[in-house]
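Worksheet: the structure to be examined is printed underneath.
As the structure lists them, so they are numbered: ligands from 1, and atoms in each ligand from 1.
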Amino acid sequence: MSDPAPKPSKPFGTEFSENMATAYFKNGEWSSAEIGPVQNLSLHPASHVLHYGSECFEGMKAYRTMEGGAQIFRLNKHAARMKRSTELLFLPFPGEEFLKKIVCDLVAENRESIPDAPGTLYIRPAIIGTEANIGAAGTGSSEACFFMLTSPVGAYFSGDKALRILIKEDGMRAVPGFGSAKTGGNYAAALKQVIGARTEYQADQVLFCPGGDVQETGASNFMLLNDEELITKPLNDTFLHGVTRDSVLTLAKSLGYRVTERDFHADEIISWIADGGEAALSGTAAVLAGVGTFIRNGKEFYAGGEGGAVGKNTKRIREALTAIQVGDAEDQFGWLTVV
Ligand SMILES: Cc1ncc(COP(=O)(O)O)c(C=O)c1O
């Protein structure tokens, strides 16, 4: 029997395991990765990232197994997305195999800090441009730092609480062409709208729908579902290609839902829920979170009746996904890396 798992005691993202990983890119090559105690980074004040935002990151999770080991969810897919983000930011990338190995090594090193379900170990690798050159606004950074933290976390949203979402048709989350990069700049650009939605409407999140085109929220993808069908936007470069989105679509198909990837208008959300349909957000942190209330042009619209409730199809798919992640169901799609 393994030691009892720790319980995360601090808010999501503020507690860290003991060790971090670092590697540096200089003179055209990456150093080997090192694992050591979490400590401050040392940066020249002219570092590219501090002025021109050359930064990208990933967010994935490791789950504690019954035996006290760890399994990482969809490591390959996260490594591929990080590569894509570095390409969009003209940052050096150490290679998917390098990244996967150091993720496994760090999770193994920090294994004891993985909480029991519904807690998980959130894994946050990042790459930043460190060339000391304030004249480099128009070039990529020739030097970079890779670093990675792991953070024991509890559930981000309780699965039973239906969310309040503001539908925003003016303004967008990311510049078209850059939405598929997981970069801090996109979150910074959305912040004013996300904070405004919270303070003005007590909304949990904003659903960005420029000109009515339903894209994604500030931190998750979006889908409509009912007993037969699941609808979500097809992949393009205006939004982040969620690993959870991909997993939910695969699972929904295997559970017999018709999965439709097509563009749809914000009007359709309102008619969909009026017909008894459900809406949900998908993401590594959100898992699959049901929406209860939409706010549009100052008016509230409820999914699942007055006040809003999490729908049964949302719960069903969420549970199927979680069962695979924690090892209660067979890993039928080969999504887990055991370390
Ligand atoms: C803007 C945005 N869209 C979508 C997602 C969902 O992506 P994933 O399922 O890979 O976590 C996230 C979460 O990371 C996000 O921040």
Heavy-atom pairs closer than 4.0 Å: do any link ligand 1 to the side chain of S282, the backbone, both, or neither? backbone

Would you say K182 and ligand 1 have an N/O pair spaced under 3.5 Å apart? yes

Can you list the residues that meet the side chain to side chain donor-acceptor pair (under 3.5 Å) rule with E278, with sequence neighbours excluded? N313, T314

Per-residue contact class, Y187 against ligand 1 - non-hydrogen pairs under 4.0 Å: side chain

Taking only heavy atoms of R173 into account, list the atoms of ligand 1 that are under 4.0 Å away from them. 1 (C)

For T284 and ligand 1, does the shortest N/O to N/O distance drop below 3.5 Å? yes

Heavy-atom nearest pair, Q193 first then G171, reads OE1-CA, 4.1 Å

Using only atom types and a distance under 3.5 Å, with no angle test, would you say the side chain of H48 pairs donor to acceptor with the backbone of T139? yes

Nearest-option assignment for atom 4 (C) of ligand 1, heavy atoms, candidates G242, S220, A286, G218: S220

Hey, are the side chains of I231 and E268 touching, using non-hydrogen atoms and a 4.5 Å cut-off? yes

T183 side chain to N186 main-chain N or O, any donor-acceptor pair under 3.5 Å? no

For a salt bridge (Lys or Arg N to Asp or Glu O under 4.0 Å) with E229, tell me which candidate from R262, R258, K253 qualifies. R258

Side chain or backbone of T217 under 4.0 Å from ligand 1, or both, or neither, by non-hydrogen atoms? backbone

Has ligand 1 got any nitrogen or oxygen that is less than 3.5 angstrom from a nitrogen or oxygen of E216? yes

Any atoms of ligand 1 less than 4.0 Å from a non-hydrogen atom of V243? List them with their elements. 8 (P), 9 (O), 10 (O)

Can you tell me which residue and heavy atom of the protein come closest to atom 9 (O) of ligand 1, and the distance to 0.1 Å? T244 OG1, 2.6 Å

Assess the side chains of Q215 and D213: does a donor N or O sit below 3.5 Å from an acceptor N or O? yes

Per atom 12 (C) of ligand 1, closest listed option by heavy atom (A190, A219, G283): A219

Using a plain distance cutoff, I'd like to know if R81 has any nitrogen or oxygen under 3.5 Å from a nitrogen or oxygen of ligand 1. yes

Are the side chain of T150 and the backbone of L121 linked by a donor-acceptor contact shorter than 3.5 Å? no

With a cut-off of 4.0 Å, which atoms of ligand 1 are near a heavy atom of N221? 4 (C), 6 (C)

Full working for side-chain hydrogen bond (donor to acceptor under 3.5 Å, both in side chains) between T65 and Q71: CA-CA 7 Å; T65 61; Q71 46 199 26; 5.8 Å; no

